[in-house]
Structure formats: C-alpha cells, structure tokens
**Student:** 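Below is the structure I would like to discuss, written out as structure tokens.
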Amino acid sequence: ISYLVGNVVFVGDTLFAPHAGTARCDFPGGDAAALYRSVMRLYDLPDATRVFLCHDYPPKDVEPVADVALGAEKAGNLFLSATTTEAAFTAARMQRDATLATPRLLWPAIQVNLRGGRLPPSANGARAFLKLPVRFQAT
C-alpha cells in the first residue's frame, strides 16, 4: 500500500532507495508481477514527487536516506527503472529472492501483520502465543 499526499508518496516496502531496489517477492502472498504493476503505477506520478521510504540498506560508507525524488527511482532503481520490462523484472526478482535467507523474524511478523498489528488471541486469557515453523530432519 502506498499513500499519496500532495506531491509526496509513502511507499512502505514497495520501493527502496535506488541503490537497493525493491521489496522481496518470495514471502507468503508475494508476487513479482503484481509488484511490477504497482511500481509502474507509482512511476506514472511526476518525477518531482518525493518518495518516502520505509527503510534503507546503504553500503557501510553511505548514509541512509529517508526520501528520494521519484525521477531518481525511475532512472536508477537497481531492479526496476522506468524502462524495465515486466518479464525482466519478474525473472531478476525471482532469481535474486531465491538466494536470500528467510529473515529471522518473518514468521512472527506475518502473524502480527495479518492481524493489523494485533497479537493473536489469548489462549488462556493471560498469554498470546506466536507460532513458529519447525523443520525436522530424519537421522
């Protein structure tokens, strides 16, 4: 979800700073083609639109940025410039995502995010529990 207010758009994790690209698409419900179409809708906005980012992952010697001009995203986004095709983006995003580890807090975050920031219902009136997947290996 992105919110447009005047000439400012808040994009959450849809776009990152140009040097970092876009959100991952390998999480439950992720879809690289849907992300591509969403970003292209953002790219229809004027180049001077200020894009406020959720977070930034700069190299060690570079300061993080909170916002960037949409024109800079369109021209230089690592994964998705204004000229990138849907097929190229989808293939590159899926290839990159396949090399990334699952974030440590993904499963607890999903359970809370799906509830709009609320914890799961309490089991006994006093405690709520998050479920974590466990993989068993035969020995």
**Student:** Rounded to the nearest 0.5 Å, how far apart are CZ of R24 and CZ of F16?
**Tutor:** 9.0 Å

**Student:** Give me the atom names and distance for the closest heavy-atom approach of A17 to V65.
**Tutor:** CB-CG2, 3.8 Å

**Student:** When you measure from the side chain of E73 to the backbone of A69, do you find a donor-acceptor pair of N or O atoms at a distance under 3.5 Å?
**Tutor:** no

**Student:** Given the rule that I, L, V, M, F, W and Y join up when any side-chain heavy atoms are under 4.5 Å apart, are L130 and L106 in one cluster?
**Tutor:** no

**Student:** Please tell me whether L132 and F27 are part of a single hydrophobic cluster in this structure, the criterion being side-chain heavy atoms less than 4.5 Å apart.
**Tutor:** yes

**Student:** Quick check: do I110 and P28 have side-chain heavy atoms less than 4.5 Å from each other?
**Tutor:** yes

**Student:** At their closest point, which heavy atom of T99 faces which heavy atom of Q95, and how far apart are they?
**Tutor:** CG2-O, 3.6 Å

**Student:** Of the non-hydrogen atoms in C25 and D97, which two are nearest, and what is the gap between them?
**Tutor:** N-OD2, 2.7 Å

**Student:** Is a side-chain N or O of D67 found less than 3.5 angstrom from the main chain of V51, in a donor-acceptor match?
**Tutor:** no

**Student:** Donor-acceptor check, side chain of Y43 to backbone of S38, threshold 3.5 angstrom: yes or no?
**Tutor:** no

**Student:** Same hydrophobic cluster for L35 and M40, using side-chain heavy-atom links shorter than 4.5 Å among ILVMFWY?
**Tutor:** yes

**Student:** Looking at residues at least two apart in the chain, or sitting in another chain, which of them share a side-chain hydrogen bond (donor to acceptor under 3.5 Å, both in side chains) with S81?
**Tutor:** T83, T84

**Student:** Indicate if L15 and F89 have the same hydrophobic cluster label, given that clusters are the connected sets of ILVMFWY residues with side-chain heavy-atom separations under 4.5 angstrom.
**Tutor:** yes

**Student:** How about P59 and H19: do any of their side-chain heavy atoms sit closer than 4.5 Å?
**Tutor:** yes

**Student:** Side-chain donor-acceptor contacts of residues 3-14 below 3.5 Å, not counting sequence neighbours, with atom names and distances?
**Tutor:**
unit_1	atom_1	unit_2	atom_2	d
D13	OD1	H55	NE2	2.8
T14	OG1	V11	O	3.0

**Student:** Taking R93 for its side chain and D31 for its backbone only, find out whether a donor-acceptor pair lies under 3.5 Å.
**Tutor:** no

**Student:** Is R115 atom CZ crowded by more than 12 heavy atoms from other residues, nucleotides or ligands, each under 6.0 Å away?
**Tutor:** yes

**Student:** Can you measure from CG (L42) to OG1 (T49) and round to the nearest 0.5 angstrom?
**Tutor:** 9.5 Å

**Student:** Looking at L100, I'd like to know if its CG atom is crowded, meaning that more than 12 non-hydrogen atoms belonging to other residues, nucleotides or ligands lie closer than 6.0 Å.
**Tutor:** yes

**Student:** For T90 and E86, indicate whether the former's side chain and the latter's backbone hold a donor-acceptor pair under 3.5 Å.
**Tutor:** yes

**Student:** Going by heavy atoms in the side chains, are F52 and S2 under 4.5 Å from each other?
**Tutor:** no

**Student:** As an exercise, state the distance from CG of D47 to NZ of K74, rounded to the nearest 0.5 Å.
**Tutor:** 4.0 Å

**Student:** Is there side-chain contact between L70 and P46, with heavy atoms separated by less than 4.5 Å?
**Tutor:** no

**Student:** Verify, without hydrogens or angle tests, whether N77 (side chain) and G21 (backbone) share a donor-acceptor contact under 3.5 angstrom.
**Tutor:** yes

**Student:** What about V68 and L78, same hydrophobic cluster or not, with Ile/Leu/Val/Met/Phe/Trp/Tyr joined at side-chain heavy-atom distances under 4.5 Å?
**Tutor:** yes

**Student:** More than 12 heavy atoms of other residues, nucleotides or ligands under 6.0 Å from CE of M94: yes or no?
**Tutor:** no

**Student:** Quick check with a 6.0 Å cut-off and a 45 degree axis cone: is R96 positioned over the face of F79's six-membered ring?
**Tutor:** no

**Student:** Indicate whether any N or O donor in one side chain lies under 3.5 Å from an N or O acceptor in the other, for R127 and S122.
**Tutor:** no

**Student:** Which pair of non-hydrogen atoms, one from P120 and one from A128, has the smallest distance, and what is that distance?
**Tutor:** O-CB, 3.3 Å

